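Take a look at the structure set out below.
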Amino acid sequence: MNCKMLLFDLDGTLLRNDKTISARTMSALAECRKRGLLIGVSTSRSEANCMTFLQKLQPDLLISSGGALARYKETYICREDFSEEETARMISAARSVCGEECEITVDTPEGHFWNYKQDPLKTDPSWGGSIYTDFRDFSHRSLKMCVEIFCPEQVERLKNLLPDCDCARFSDGEWYKFTKKTATKERAILTFCAVSGISAEEITAFGDDYVDIGMLKLCGLGIAMGNAIDEVKEAADRVIGDNEEDGIAEFLEENFPG
């Protein structure tokens with residue numbers, strides 16, 4: 001395989017449903033590193049919210065907040081953020097369309113903020129470090145806003161109010177992410193390629209959700225998880241086992257044996 005980097009989405013892909021990386025997968029990744037392959041992560045989670053899972057992995061490339069922030073080795077290579085004023089307008093637009101009590105999350109360079117009606121830490125401790133706010137007086141630059149929207153008509157109205165944003169849906173609920181038009185996983189990958197000398201053709205990418213489709217199409221080999229939505233499987237070059245059955249480990253052991 002003409003591969004120099006393995007690039008993984010997190011939730012539903014590299015992570016099992018209990019938000020851990022299996023020992024078998026970690027062992028397979030270690031063998032890939034011995035062969036000289038770089039390891040990358042490309043996720044919609046904020047950088048701060050990723051590190052719970054990545055302390056042991058220590059990826060060479062980390063694309064976070066859906067492509068709004070990217071770090072290669074120890075250097076940030078792209079940052080596509082909104083000003084404090086733009087962030088306030090986005091939150092105001094979401095509330096005007098979806099109601100004052102709509103649930104919102106915002107990634108900032110410093111952390112992940114939310115106004116859920118129920119504390120997410122009670123059901124998913126992996127969100128440790130996330131910060132509650134009512135967003136009434138929110139004054140931070142932001143990388144990404146997510147909004148829970150149940151009505152397709154409201155989605156279109158909000159997209160029209162935020163024409164400079166890239167909007168994508170997550171399949172595990174009624175959540176939509178809004179980043180800058182220039183902040184996508186595939187744009188961050190192209191920035192990495194420009195600074196590293198590795199081409200997109202030399203990257204093998206793994207994903208499972210709508211926001212991964214562009215990434216899988218861009219890279220030399222796009223791999224959908226067995227648990228991926230149908231649209232991702234259709235866009236991928238290959239479908240492997242699911243995230244609960246060590247699909248990634250099995251693929252790596254087959255293609256990059258120790």
Side-chain angles (χ1 to χ4, degrees), residues 7-17 19 40-46 49-50 62-70 80 90 94 97-98 102-107 112 114 124 126-127 142-190 200 203-244 247-248:
L7 184 61
F8 304 94
D9 173 51
L10 277 182
D11 295 277
T13 303
L14 190 61
L15 298 180
R16 296 181 292 189
N17 294 344
K19 307 305 180 186
V41 166
S42 180
T43 177
S44 291
R45 285 181 179 258
S46 69
N49 192 238
C50 293
L62 175 57
I63 298 170
S64 56
S65 294
L69 192 66
E80 301 281 354
M90 291 167 63
V97 170
C98 305
C102 68
E103 294 194 352
I104 297 171
T105 70
V106 172
D107 290 353
H112 175 80
W114 51 272
D124 186 355
S126 74
W127 291 97
S142 67
L143 298 161
K144 174 173 67 76
M145 177 180 75
C146 289
V147 186
E148 188 177 35
I149 312 175
F150 297 98
C151 174
E153 186 269 340
Q154 290 180 336
V155 175
E156 294 305 313
R157 284 174 56 197
L158 186 53
K159 287 167 65 175
N160 289 336
L161 288 176
L162 304 174
D164 296 328
C165 289
D166 178 76
C167 175
R169 182 188 171 188
F170 298 106
S171 64
D172 58 343
E174 304 298 330
W175 284 89
Y176 295 79
K177 73 97 179 176
F178 294 86
T179 55
K180 285 201 167 182
K181 283 279 189 187
T182 50
T184 62
K185 291 186 176 186
E186 49 269 34
R187 282 181 178 267
I189 292 168
L190 291 173
I203 300 174
T204 298
F206 302 74
D208 73 301
D209 209 347
Y210 293 111
V211 292
D212 300 319
I213 291 174
M215 175 175 76
L216 299 192
K217 288 183 174 180
L218 172 66
C219 293
L221 185 62
I223 297 178
M225 304 302 296
N227 52 284
I229 60 173
D230 289 341
E231 291 87 341
V232 173
K233 292 179 179 178
E234 291 168 4
D237 300 301
R238 180 170 172 181
V239 179
I240 61 173
D242 69 30
N243 66 320
E244 284 287 278
I248 288 174

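Just so it is clear, the model here is predicted, and its values are computed rather than measured.
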Using modelled atom types only, decide if a donor and an acceptor are shared between the side chain of [X] and the backbone of [Y] within a distance under 3.5 Å.
X      : Y      : result
Lys233 : Gly226 : yes
Glu244 : Asn17  : yes
Asp209 : Phe170 : no
Asp9   : Phe206 : no

Quick one: pull up [atom1] in [X] and [atom2] in [Y] and give me the separation to the nearest 0.5 Å.
X      : Y      : atom1 : atom2 : value
Asn243 : Leu14  : CG    : CG    : 9.5 Å
Asp172 : Tyr210 : CG    : OH    : 10.5 Å
Cys167 : Leu162 : SG    : CG    : 8.5 Å
Arg45  : Lys144 : CZ    : NZ    : 9.5 Å
Phe150 : Cys102 : CZ    : SG    : 10.0 Å
Glu231 : Arg169 : CD    : CZ    : 9.5 Å

Should [X] and [Y] count as side-chain neighbours, where that means a heavy-atom distance under 4.5 Å?
X      : Y      : answer
Leu158 : Tyr176 : no
Trp114 : Thr105 : yes
Met225 : Ile248 : yes
Cys165 : Met145 : no
Leu143 : Thr179 : no

> Could you walk me through whether Cys98 and Val147 pass the side-chain contact (heavy atoms from CB on, under 4.5 Å) check?
Replying inline: CA-CA 9 Å; Cys98 305; Val147 186; 4.2 Å; yes
> Given the rule in the side-chain contact (heavy atoms from CB on, under 4.5 Å) test, do Val41 and Leu62 qualify, once you have shown the distances and angles that lead to the verdict?
Replying inline: CA-CA 5 Å; Val41 166; Leu62 175 57; 3.8 Å; yes
Restricting to non-hydrogen atoms, name the atom on [X] and the atom on [Y] that form the minimum distance, rounded to 0.1 Å.
X      : Y      : answer
Gly67  : Ala188 : O-CB, 4.0 Å
Ile223 : Ala236 : C-CB, 4.2 Å
Met215 : Ala205 : CG-CB, 3.9 Å
Cys146 : Trp175 : O-CZ3, 3.6 Å
Thr43  : Cys50  : CG2-SG, 3.4 Å
Asp237 : Gly220 : OD2-O, 3.8 Å

> With respect to Asp166, which candidate in Val211, Thr184, Thr182 satisfies the side-chain contact (heavy atoms from CB on, under 4.5 Å) definition?
Replying inline: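 Considering Val211, Thr184, Thr182, a side-chain contact (heavy atoms from CB on, under 4.5 Å) with Asp166 is found only for Thr184.
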>> Tell me which one of Asn227, Leu10, Val232 satisfies side-chain contact (heavy atoms from CB on, under 4.5 Å) with Asp208.
In response: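 It is Asn227; the other options fail the test.
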> What salt bridge (Lys or Arg N to Asp or Glu O under 4.0 Å) pairs are there with at least one residue in residues 210-219, not counting sequence neighbours?
Replying inline: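 Those involving residues 210-219 are Lys185-Asp212.
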>> Checking Ser65 against Asp107: is there a side-chain donor and acceptor pair closer than 3.5 Å?
In response: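 Side chains of Asp107 and Ser65: pair found under 3.5 Å.
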